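Take a look at the structure set out below.
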Amino acid sequence: MFLKREFFKRKTELVARDLLGKFLVRKIGRNILAGMVVETEAYVGPHDLACHASKGRTKRTEVMFGPAGVWYVYMIYGMYYCLNIVTEEKEYPSAILIRALEPSFIPSLQSTPRTLTQGRGKRGGLLSNSANGPGKLCKAFQIDKNFNCTSAVTKKSKLYFEDRGIKIPKNKIIKTKRIGVEYSGQWKNRPLRFYIKGNRFISKP
DNA sequence: CAAGAGATCATCT
DNA sequence: GATGATCTCTTGA
(Lines give C-alpha, C1' and ligand atoms only; values in the text may rest on other atoms or scores of the structure.)
Protein backbone atom coordinates (compact mmCIF):
# COMPACT_ATOMS: atom_id res chain seq x y z
CA MET A 1 0.00 0.00 0.00
CA PHE A 2 1.05 3.46 -0.82
CA LEU A 3 1.80 5.99 1.90
CA LYS A 4 -0.63 8.86 2.25
CA ARG A 5 -0.37 12.33 3.67
CA GLU A 6 -1.36 11.22 7.16
CA PHE A 7 1.80 9.16 7.40
CA PHE A 8 3.97 12.24 6.90
CA LYS A 9 1.85 14.59 8.94
CA ARG A 10 3.48 13.53 12.21
CA LYS A 11 6.55 14.36 14.22
CA THR A 12 9.50 14.34 11.83
CA GLU A 13 11.63 12.11 13.99
CA LEU A 14 8.94 9.45 14.09
CA VAL A 15 8.35 9.58 10.36
CA ALA A 16 12.08 9.33 9.68
CA ARG A 17 12.25 6.19 11.78
CA ASP A 18 9.09 4.68 10.31
CA LEU A 19 10.31 5.28 6.79
CA LEU A 20 13.01 2.65 7.27
CA GLY A 21 11.79 -0.51 5.56
CA LYS A 22 9.37 1.34 3.30
CA PHE A 23 9.93 1.39 -0.45
CA LEU A 24 10.62 4.35 -2.67
CA VAL A 25 8.98 3.73 -6.03
CA ARG A 26 9.85 5.56 -9.23
CA LYS A 27 7.92 5.19 -12.47
CA ILE A 28 9.77 6.02 -15.63
CA GLY A 29 7.64 5.35 -18.67
CA ARG A 30 6.81 1.66 -18.48
CA ASN A 31 9.59 0.88 -16.10
CA ILE A 32 9.48 0.85 -12.36
CA LEU A 33 12.43 1.25 -10.07
CA ALA A 34 12.14 0.60 -6.38
CA GLY A 35 14.35 0.45 -3.35
CA MET A 36 13.89 -0.06 0.34
CA VAL A 37 14.71 2.96 2.48
CA VAL A 38 17.58 2.04 4.76
CA GLU A 39 18.82 5.45 5.91
CA THR A 40 17.17 8.80 6.65
CA GLU A 41 17.84 12.09 8.39
CA ALA A 42 15.32 14.35 10.11
CA TYR A 43 15.43 18.13 9.79
CA VAL A 44 13.07 19.11 12.47
CA GLY A 45 11.97 22.71 12.26
CA PRO A 46 12.79 26.42 12.33
CA HIS A 47 15.17 26.20 15.28
CA ASP A 48 17.12 23.27 13.86
CA LEU A 49 20.22 25.12 12.65
CA ALA A 50 20.99 22.35 10.18
CA CYS A 51 17.56 22.69 8.57
CA HIS A 52 17.52 25.00 5.56
CA ALA A 53 14.31 26.53 6.86
CA SER A 54 16.11 27.82 9.96
CA LYS A 55 17.28 30.66 7.72
CA GLY A 56 13.70 31.71 7.27
CA ARG A 57 11.02 31.54 4.70
CA THR A 58 12.58 32.01 1.27
CA LYS A 59 11.75 30.90 -2.22
CA ARG A 60 13.79 27.78 -1.69
CA THR A 61 12.49 26.82 1.75
CA GLU A 62 8.88 27.76 1.09
CA VAL A 63 7.96 24.18 0.27
CA MET A 64 8.87 23.04 3.78
CA PHE A 65 6.29 25.41 5.20
CA GLY A 66 3.59 23.70 3.14
CA PRO A 67 1.62 20.51 3.71
CA ALA A 68 3.26 17.15 4.45
CA GLY A 69 3.81 14.61 1.71
CA VAL A 70 5.38 16.99 -0.79
CA TRP A 71 8.87 16.57 -2.26
CA TYR A 72 11.64 19.00 -1.49
CA VAL A 73 14.47 18.54 -3.99
CA TYR A 74 17.45 20.83 -4.19
CA MET A 75 20.85 20.87 -5.87
CA ILE A 76 23.92 20.58 -3.68
CA TYR A 77 27.55 21.35 -4.48
CA GLY A 78 26.54 22.21 -8.00
CA MET A 79 26.38 18.57 -8.86
CA TYR A 80 23.96 16.41 -7.00
CA TYR A 81 20.34 16.50 -5.99
CA CYS A 82 19.01 15.64 -2.56
CA LEU A 83 15.55 14.17 -2.07
CA ASN A 84 13.46 15.15 0.93
CA ILE A 85 9.86 14.61 1.93
CA VAL A 86 8.06 17.37 3.82
CA THR A 87 6.54 16.45 7.18
CA GLU A 88 4.31 17.79 9.99
CA GLU A 89 1.65 20.48 9.91
CA LYS A 90 1.49 23.35 7.49
CA GLU A 91 3.59 26.31 8.59
CA TYR A 92 5.96 24.06 10.51
CA PRO A 93 9.02 23.71 8.25
CA SER A 94 10.48 20.23 8.49
CA ALA A 95 11.54 17.45 6.17
CA ILE A 96 13.33 14.14 5.91
CA LEU A 97 16.37 13.55 3.75
CA ILE A 98 16.37 10.14 2.08
CA ARG A 99 19.99 9.06 2.34
CA ALA A 100 20.17 5.49 1.09
CA LEU A 101 18.16 2.73 -0.54
CA GLU A 102 18.56 -1.01 -0.83
CA PRO A 103 17.92 -1.80 -4.50
CA SER A 104 15.23 -4.40 -5.15
CA PHE A 105 13.57 -6.43 -7.83
CA ILE A 106 9.96 -5.76 -8.64
CA PRO A 107 8.14 -9.08 -8.30
CA SER A 108 5.00 -7.72 -9.97
CA LEU A 109 6.73 -7.27 -13.30
CA GLN A 110 6.60 -10.48 -15.24
CA SER A 111 9.02 -9.26 -17.86
CA THR A 112 12.72 -9.01 -17.19
CA PRO A 113 13.17 -7.88 -13.64
CA ARG A 114 14.67 -4.47 -13.37
CA THR A 115 17.40 -3.75 -10.94
CA LEU A 116 18.83 -0.53 -9.78
CA THR A 117 21.62 -0.25 -12.28
CA GLN A 118 20.93 3.06 -13.89
CA GLY A 119 23.14 5.29 -11.82
CA ARG A 120 26.65 4.08 -12.40
CA GLY A 121 28.64 1.78 -14.58
CA LYS A 122 29.08 -1.92 -13.87
CA ARG A 123 26.95 -4.68 -15.29
CA GLY A 124 23.62 -5.86 -13.94
CA GLY A 125 23.03 -7.33 -10.55
CA LEU A 126 22.41 -5.71 -7.24
CA LEU A 127 24.82 -2.90 -6.75
CA SER A 128 25.63 -1.98 -3.22
CA ASN A 129 26.99 1.35 -4.32
CA SER A 130 24.35 2.76 -6.61
CA ALA A 131 21.97 4.27 -4.07
CA ASN A 132 24.03 4.46 -0.89
CA GLY A 133 24.02 8.22 -0.55
CA PRO A 134 21.58 11.08 -1.13
CA GLY A 135 23.25 12.28 -4.32
CA LYS A 136 23.66 8.82 -5.77
CA LEU A 137 20.12 7.65 -5.18
CA CYS A 138 18.80 10.70 -6.99
CA LYS A 139 21.02 9.92 -9.91
CA ALA A 140 19.98 6.27 -9.94
CA PHE A 141 16.28 7.13 -9.75
CA GLN A 142 16.55 10.04 -12.17
CA ILE A 143 15.28 12.53 -9.65
CA ASP A 144 15.91 16.21 -10.30
CA LYS A 145 14.44 19.62 -9.57
CA ASN A 146 11.33 18.81 -11.54
CA PHE A 147 10.08 16.89 -8.53
CA ASN A 148 10.52 19.84 -6.21
CA CYS A 149 7.17 20.94 -4.81
CA THR A 150 5.30 18.01 -6.34
CA SER A 151 3.14 15.67 -4.30
CA ALA A 152 4.23 12.22 -3.21
CA VAL A 153 0.75 11.34 -2.00
CA THR A 154 -1.37 11.42 -5.12
CA LYS A 155 -1.89 8.25 -7.13
CA LYS A 156 -0.59 9.77 -10.32
CA SER A 157 2.74 10.66 -8.78
CA LYS A 158 5.76 9.14 -10.49
CA LEU A 159 7.60 9.09 -7.21
CA TYR A 160 6.09 7.83 -3.98
CA PHE A 161 6.47 5.45 -1.05
CA GLU A 162 4.95 2.02 -0.48
CA ASP A 163 4.56 -0.12 2.59
CA ARG A 164 5.26 -3.69 1.57
CA GLY A 165 4.78 -5.12 5.00
CA ILE A 166 8.34 -5.02 6.24
CA LYS A 167 8.71 -3.98 9.85
CA ILE A 168 12.09 -3.00 11.20
CA PRO A 169 12.33 -3.91 14.89
CA LYS A 170 13.41 -1.16 17.19
CA ASN A 171 16.61 -2.91 18.17
CA LYS A 172 17.64 -2.92 14.51
CA ILE A 173 17.49 0.85 14.21
CA ILE A 174 20.62 2.91 14.82
CA LYS A 175 20.18 6.51 15.80
CA THR A 176 23.15 8.81 15.41
CA LYS A 177 24.32 12.28 14.43
CA ARG A 178 23.67 13.65 10.98
CA ILE A 179 26.27 13.85 8.27
CA GLY A 180 27.73 17.04 6.83
CA VAL A 181 26.21 19.51 9.29
CA GLU A 182 29.31 20.54 11.22
CA TYR A 183 28.31 24.18 10.88
CA SER A 184 25.12 23.80 12.88
CA GLY A 185 26.40 24.42 16.41
CA GLN A 186 24.61 22.45 19.09
CA TRP A 187 22.48 20.77 16.49
CA LYS A 188 25.35 19.00 14.80
CA ASN A 189 25.42 16.23 17.38
CA ARG A 190 21.69 15.63 17.73
CA PRO A 191 20.82 12.01 16.97
CA LEU A 192 18.56 12.64 13.99
CA ARG A 193 20.03 10.16 11.54
CA PHE A 194 18.45 6.72 11.37
CA TYR A 195 19.62 3.60 9.61
CA ILE A 196 19.10 -0.14 9.65
CA LYS A 197 21.71 -1.90 11.72
CA GLY A 198 24.06 -4.08 9.72
CA ASN A 199 22.53 -3.16 6.37
CA ARG A 200 25.19 -3.08 3.69
CA PHE A 201 23.50 -0.41 1.60
CA ILE A 202 23.86 2.51 3.99
CA SER A 203 26.07 5.47 3.05
CA LYS A 204 28.35 5.35 6.10
CA PRO A 205 28.61 3.23 9.24
C1' DC B 1 43.19 2.94 5.16
C1' DA B 2 42.60 8.29 6.08
C1' DA B 3 42.77 12.83 4.53
C1' DG B 4 42.38 16.39 1.05
C1' DA B 5 41.14 18.46 -3.25
C1' DG B 6 38.21 19.50 -6.93
C1' DA B 7 34.02 19.56 -9.54
C1' DT B 8 30.29 23.27 -10.24
C1' DC B 9 25.93 26.09 -9.39
C1' DA B 10 21.60 27.60 -6.91
C1' DT B 11 20.85 30.30 -3.22
C1' DC B 12 21.44 33.96 -0.09
C1' DT B 13 24.40 38.24 1.65
C1' DG C 1 31.15 36.64 -3.34
C1' DA C 2 30.75 32.60 -0.23
C1' DT C 3 29.08 28.39 0.77
C1' DG C 4 27.09 23.79 0.88
C1' DA C 5 22.03 17.90 4.06
C1' DT C 6 28.01 15.15 -1.86
C1' DC C 7 30.99 12.11 -4.30
C1' DT C 8 35.08 10.49 -6.56
C1' DC C 9 39.64 10.48 -7.19
C1' DT C 10 44.43 11.12 -5.68
C1' DT C 11 48.00 11.05 -2.36
C1' DG C 12 50.68 9.22 1.30
C1' DA C 13 51.69 6.29 5.32
Side-chain angles (χ1 to χ4, degrees), chain A residues 8 11-20 24 35 37-66 68-88 92-103 116-122 127-150 152 159 161 173-196 200-205:
Chain A
F8 303 101
K11 204 157 188 342
T12 310
E13 246 179 285
L14 288 180
V15 183
R17 203 188 58 198
D18 287 352
L19 229 30
L20 297 178
L24 181 69
V37 179
V38 298
E39 179 180 344
T40 60
E41 276 178 7
Y43 289 83
V44 297
H47 21 266
D48 177 358
L49 296 179
C51 182
H52 292 160
S54 67
K55 306 209 164 50
R57 194 164 187 149
T58 67
K59 199 165 185 183
R60 180 210 217 184
T61 61
E62 181 67 30
V63 59
M64 280 195 274
F65 289 82
V70 174
W71 296 116
Y72 168 41
V73 181
Y74 64 93
M75 173 162 269
I76 187 70
Y77 302 117
M79 228 174 261
Y80 299 100
Y81 291 101
C82 287
L83 177 68
N84 301 252
I85 186 79
V86 175
T87 55
E88 308 211 24
Y92 192 84
S94 51
I96 294 164
L97 173 66
I98 310 302
R99 286 195 57 90
L101 303 172
E102 173 171 336
L116 229 193
T117 53
Q118 311 268 348
R120 297 246 149 248
K122 303 226 159 94
L127 298 181
S128 63
N129 64 349
S130 65
N132 61 336
K136 291 199 280 186
L137 75 88
C138 282
K139 189 160 201 178
F141 270 58
Q142 298 175 39
I143 294 164
D144 60 23
K145 271 206 86 92
N146 290 319
F147 280 102
N148 191 37
C149 299
T150 66
L159 185 65
F161 290 106
I173 295 178
I174 305 282
K175 213 177 146 176
T176 181
K177 59 192 267 198
R178 294 172 292 186
I179 290 173
V181 295
E182 293 306 310
Y183 60 86
S184 62
Q186 290 302 330
W187 286 85
K188 73 176 189 212
N189 291 322
R190 296 290 189 92
L192 293 170
R193 171 174 177 239
F194 303 86
Y195 64 87
I196 299 176
R200 76 184 179 97
F201 298 90
I202 62 173
S203 66
K204 290 195 171 105

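Side chains included, hydrogens not; waters and symmetry mates left out as well; all remaining heavy atoms used. For clarity, every value in this text was computed on a predicted model and none was experimentally measured. Note on naming: letters A, B, ... go to the chains in the order of the sequence lines (proteins, then strands), and numbering restarts at 1 for each one.
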Could you list the residues that satisfy ring pair (Phe, Tyr, Trp, His ring centres under 6.0 Å) with [X], not counting sequence neighbours?
X: A/W71; value: A/F161
X: A/Y195; value: none
X: A/Y74; value: A/H52, A/Y72

Residues which pass side chain to side chain donor-acceptor pair (under 3.5 Å) with [X], listed by chain and number, not counting sequence neighbours:
X: A/T40; result: none
X: A/N84; result: none
X: A/R60; result: none

Taking atom [atom2] of [N] as reference, at what distance in whole Å does atom [atom1] of [X] sit?
X: A/K136; N: C/dC9; atom1: NZ; atom2: P; result: 10 Å
X: A/N132; N: C/dT6; atom1: CG; atom2: P; result: 13 Å
X: A/K139; N: C/dC7; atom1: NZ; atom2: C1'; result: 9 Å
X: A/L83; N: C/dC7; atom1: CG; atom2: P; result: 13 Å
X: A/R193; N: C/dT6; atom1: CZ; atom2: C1'; result: 14 Å
X: A/W71; N: C/dA5; atom1: CH2; atom2: P; result: 19 Å
X: A/K188; N: C/dG4; atom1: NZ; atom2: C1'; result: 17 Å
X: A/L97; N: C/dG4; atom1: CG; atom2: C1'; result: 13 Å

Distances under 3.5 Å between nitrogen or oxygen atoms of protein and nucleotides 8-13 of chain B:
| residue | atom | partner | partner atom | Å |
| --- | --- | --- | --- | --- |
| B/dT8 | O2 | A/Y77 | O | 2.6 |
| B/dT11 | OP1 | A/K145 | NZ | 3.1 |
| B/dC12 | OP1 | A/T58 | OG1 | 2.2 |

Those residues that, when tested against A/E182, pass side chain to side chain contact (heavy atoms under 4.5 Å, CB included) (two or more places apart): A/K177, A/K188

Sequence-distant partners of A/A53, side chain to side chain contact (heavy atoms under 4.5 Å, CB included), two or more places apart: A/C51, A/T61, A/M64, A/F65, A/P93

Under 3.5 Å side-chain donor-acceptor pair for A/R193 and A/T176: no

Stems formed with participation of DNA chain C [Watson-Crick or G-U wobble, under 3.5 Å, three or more pairs]: B:1-7 with C:6-12, B:9-12 with C:1-4

Salt bridge (Lys or Arg N to Asp or Glu O under 4.0 Å) contacts touching residues 43-55 of chain A (sequence neighbours left out): A/D48-A/R178

Side-chain N or O of A/R99 closer than 4.0 Å to phosphate OP1/OP2 of C/dT6: yes

For DNA chain B, the residues among residues 179-186 of chain A that have a non-hydrogen atom under 4.0 Å from it: none

Side-chain (A/N148) to main-chain (A/V73) donor-acceptor, under 3.5 angstrom: yes

